[in-house]
Amino acid sequence: MAVLVVVLLLLAFFLRSMALAAFSPPFFYFVACSASSFPRGSPAARNFIKDEPFLTSSSAKALTNANSNGASSPLYSAARASSSAFSYNLPIPDSGAGGQAAFLALRLHFFPFAASQKTESGVSISSAHFGVSVLNKYTVLPSFSPPSAGIVKEFFVPVPAGGSGEFRITFTPETGSSAFVNAVELFPAPAELLWNNTVTPVGATAANADIATWRQQALETVYRLNVGGPEVNKENDVLWRTWLPDDPFLFGADQGLSTMLVNSSTASIFYDGYTREEVAPDAIYRTQRAANVSAAGTGTRFNVTWTFTVEPRSHYLVRLHFCDYELLSSVNGGVGIVFNVFIGQDIGTQDLSPKQMEAQENQAFYMDYVAPASANGSLTVSIGMSSEGGFLNGLEIMQLRASDLSTNLKKGPSRRASKKKVVIITLPAVLGACVLVCAVLCLLVLRLREKESSGTQQPWIPLDRFRSWSLPSVDEGSNKAMARRASGATHISLEALKAATDNFHERNLIGVGGFGNVYRGVLHHDGTRVAVKRATRASKQGLPEFQVEIDMLSRIQHRHLVSLVGYCDEQTEMILVYEYMEKGTLRSHLYGYNDQLLLPWKRRLEICIGVARGLHYLHTGCAKNVIHRDVKSTNILLGDGFVAKVADFGLSRFGPSSVGETHVSTAVKGSFGYMDPEYFRRQQLTDRSDVYSFGVVLLEVLCARPVIDQALERDRINLVEWALASQQRGQLDKIVDPRIIGQIDEHSLRKFAETAERCLADYGQERPSMGDVLWNLEYCLNLQETHWPRDAFEDSGGTHFPEDVVVPRRVPPLPTTNPDDETVASVADDMGVTNSKLFSQLGSGMGR
């Protein structure tokens with residue numbers, strides 16, 4: 001028996017060695033760019049050669065690393081660099097197609113270093129910014145700046161027509177910068193690697209799937225993960241690939257992984273006709289991450305989810321690797337494990353059964369999907385949603401890149417085609433156009449005069465011209481009050497803000513909003529971390545928003561409202577300085593971009609409760625009712641402990657000032673998708689307009705998708721319409737973020753959805769107050785935490801209860817009066833004034 005085991009081990013080792021040496025490309029280029037010594041070894045380890053024979057430009061200079069000991073590889077001890085464009089031409093022999101190969105594998109190595117000498121223009125490669133194109137057809141890196149730690153970019157490019165010729169790689173620096181490269185690899189990809197299996201279009205691509213077109217596009221490898229296992233380096237992969245561990249991309253890693261298992265197998269991995277070790281090495285199939293159904297409890301249904309940051313709206317080839325071990329095959333009455341695969345929020349494969357995909361135990365297989373990224377730049381992969389859980393062994397994500405020609409064609413007709421259009425202009429048409437222009441000009445003049453008299457809008461005007469803080473529409477008493485508050489606010493010098501933000505350097509840019517750019521910074525005099533919002537001349541907002549923000553934030557203080565640190569009005573600048581909230585916006589966490597972890601359900605509830613408290617204070621806690629007018633997920637910021645704060649008061653207005661008034665008549669402002677439809681129709685603003693916008697945020701929290709997403713099907717584009725229609729059909733489970741379904745108590749979910757629905761009533765008088773919304777959300781959290789038995793009336797209809805049921809209600813604190821100004825109430829609620837110095841703000845661009 002022992003002899004048999006030894007023989008089997010030797011046989012396995014022999015087969016493994018054969019497999020590693022099995023890939024032998026018909027030609028290959030491993031080029032070390034300007035290096036004097038090269039990594040050498042066996043054919044599997046690649047031998048690099050000099051780059052001079054393939055270089056087409058004499059302007060590209062050889063640079064050496066001033067600290068070559070810090071380089072992780074001899075390849076990175078030198079680079080080829082230039083401040084002007086340069087290219088490599090690599091000949092492709094007739095055997096380049098390999099008879100069957102349809103793609104060439106291209107790898108470019110970038111390791112920016114402090115060079116012993118600089119490029120001929122004196123520009124260092126440590127801050128290089130450039131583009132890379134291949135075959136004069138594909139722009140594979142449109143605007144690229146390598147990270148300081150270095151990176152290897154991998155692409156798969158369709159073989160040129162005819163399968164021979166020259167493969168041209170062009171590096172084009174941006175103005176005032178440079179381009180460089182450390183090493184180039186090029187070889188034919190195995191025929192089995194790409195488009196050799198059935199591809200499933202997912203989401204918006206399903207209706208317009210065009211696999212033939214996709215085959216003609218280049219691909220960039222964005223993620224390649226060994227799920228449940230350690231890093232697999234290039235020495236253990238026949239195609240010299242690196243597979244990273246999946247832990248950083250796993251949703252719920254910060255909450256513990258009790259609902260997940262890591263399985264492994266030492267048995268031989270078997271391959272079929274289309275899955276070979278060129279597709280993925282057996283090390284990938286030897287480990288897997290699976291749903292731990294037993295730990296979650298009998299009957300519990302949940303997903304295991306991975307989240308990725310990608311380019312918004314781009315299309316991606318998503319490849320999932322599976323291998324069913326013997327320990328999984330006996331479940332479910334011998335049928336084996338059955339589970340669903342989700343790509344984004346759509347079903348990729350329903351009821352996937354590995355037993356039907358495999359002819360024997362430990363047989364590897366993979367599934368390919370093409371899916372679009374969301375508008376916010378996130379892509380998720382989930383497995384599970386069955387009584388038996390699910391598993392995954394490996395994961396790859398590749399971005400599809402169309403040729404430059406097809407991209408240009410999409411932008412519009414060619415100049416030649418446009419010349420075919422004949423436009424006949426007659427005298428009556430000219431006269432008619434002149435009359436129309438005159439009418440429009442007259443209308444604009446009247447409209448501008450009307451706005452000047454009403455004071456509802458002001459152009460961008462340097463603040464130096466308005467040192468009195470006065471606006472034509474503000475009465476004299478209000479002007480004096482605002483001047484007193486502004487003079488009490490902290491004025492921060494422009495020099496101090498330049499020092500805090502490194503002269504508003506791009507690396508400190510954390511957001512772009514309707515008012516301008518937002519930068520992170522540190523005030524040097526006390527080390528306070530701040531967010532600096534600087535107005536730009538291109539902004540559609542200006543002096544009024546600047547004044548309103550200071551006015552509002554000098555009146556109010558609350559744990560769940562962002563604090564104003566100071567302002568600057570020097571040299572025509574308009575700058576607002578806030579506390580810095582390091583965890584960013586609610587949206588970034590919901591959608592999982594900017595390297596943010598997604599939020600579990602209970603934390604989402606706590607955040608919604610915090611926002612509701614802040615808005616409730618605005619509506620009832622001040623001497624004058626304040627209407628925010630721009631409630632949305634990018635204006636909700638998260639600090640330590642995920643404390644939520646409402647930000648951006650530039651569009652805020654005071655509510656009705658006289659007894660009996662129900663609204664404020666004002667021009668419509670806000671963000672598309674969040675705006676109260678009644679306010680939009682009637683231009684009558686009330687605090688119930690904030691309730692509507694908050695209802696949209698509640699759906700965003702529940703569904704984790706954009707409010708408006710043009711990439712989706714027609715009936716799903718608008719979040720509110722889709723979610724309310726699904727709820728009315730009793731299909732709440734269809735709209736909930738699939739990554740958190742297993743976390744939500746059904747009673748809490750139903751109450752939360754009912755609360756959102758009431759907030760979104762067509763008419764303001766039918767919506768609850770923010771105090772009622774707050775109570776309902778606290779009740780949702782109570783249901784989530786306690787799982788108490790409930791009667792039917794307890795989970796329906798909002799806050800109406802039988803007469804004999806006593807329900808405790810939270811009473812907001814009474815405001816205090818400022819003796820210096822009866823119109824001002826400077827109030828801190830019973831939760832205390834915030835002293836947090838953490839803030840971050842991402843704006844919505846032109847969303848207002």
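Just so it is clear, the values below take in all heavy atoms, side chains as well, and ignore hydrogens, waters and symmetry mates.
- Closest non-hydrogen pair, Leu605 versus Leu781, comes out as CD1-CA, 3.9 Å.
- Arg714 has no carboxylate O lying under 4.0 Å from a charged side-chain N of Glu721, or vice versa, which leaves the two without a salt bridge.
- In this structure, the side chain to side chain donor-acceptor pair (under 3.5 Å) partners of Asp502, at least two apart in sequence or on a different chain, are Arg507.
- Residues His505 and Tyr519 keep their aromatic ring centres 6.0 Å or farther apart.
- Nearest approach of Tyr674 to Ser693, heavy atoms of both residues: O-OG, 2.7 Å.
- Defined by atom type and a distance below 3.5 Å, a donor-acceptor pair is present between the side-chain atoms of Asp630 and Ser671.
- Pairing each heavy atom of Ala499 with each of His524, the nearest pair is O-NE2, 3.2 Å.
- Taking every heavy atom of both residues into account, Gly614 and Leu561 meet most closely at O-CD2, 3.8 Å.
- Side-chain contact between Val701 and Leu586 is present, with at least one heavy-atom pair separated by less than 4.5 Å.
- No hydrogens or angles considered: a donor-acceptor pair under 3.5 Å links the side chains of His491 and Asp569.
- A distance of 9.0 Å separates CD in Glu573 from CD in Glu570, rounded to the nearest 0.5 Å.
- In summary, of the residues considered (Arg767, Arg688, Gln684), a side-chain hydrogen bond (donor to acceptor under 3.5 Å, both in side chains) with Asp676 occurs for Arg767 alone.
- Remark: of the listed residues Leu590, Leu698, Ile735, Ile735 is the sole one forming a side-chain contact (heavy atoms from CB on, under 4.5 Å) with Cys703.
- Taking the side chain as every heavy atom from C-beta outward, Ile609 and Leu774 approach each other to under 4.5 Å.
- Residues Thr585 and Leu638 have side chains not in contact (no heavy-atom distance under 4.5 Å, counting atoms from C-beta outward).
- The one candidate from Ile550, Val562, Asn635 that meets the side-chain contact (heavy atoms from CB on, under 4.5 Å) condition with Phe649 is Val562.
- When side chains are defined from C-beta on, Leu615 counts as touching Phe694, because their heavy atoms get closer than 4.5 Å.
- The existence of a salt bridge linking Asp648 and Lys533 is confirmed by a sub-4.0 Å separation between a basic side-chain nitrogen and an acidic carboxylate oxygen.
- Minimum interatomic distance between Ala704 and Tyr591 (heavy atoms only, all atoms of both residues): C-CE2, 3.5 Å.
- Looking at every heavy atom in both residues, Trp722 comes nearest to Asp715 through CB-O, 3.5 Å.
- Ring centroid separation for the pair His560 and Tyr617 does not come in under the 6.0 Å cut-off.
- For the salt bridge (charged side-chain N to carboxylate O under 4.0 Å, His left out) test with Glu700, the passing option among Arg705, Arg604, Arg587 is Arg587; the others fail.
- Looking at heavy atoms from C-beta onward, Val643 lies in side-chain contact with Arg559 at the 4.5 angstrom threshold.
- With a 4.5 Å cut-off on side-chain heavy atoms, Arg313 and Asp709 count as touching.
- For Asp762, there are no salt bridge (charged side-chain N to carboxylate O under 4.0 Å, His left out) partners at least two apart in sequence or on another chain.
- Geometrically, Lys583 engages Phe642 in a cation-pi contact defined by less than 6.0 Å to the ring centre and at most 45° from the axis.
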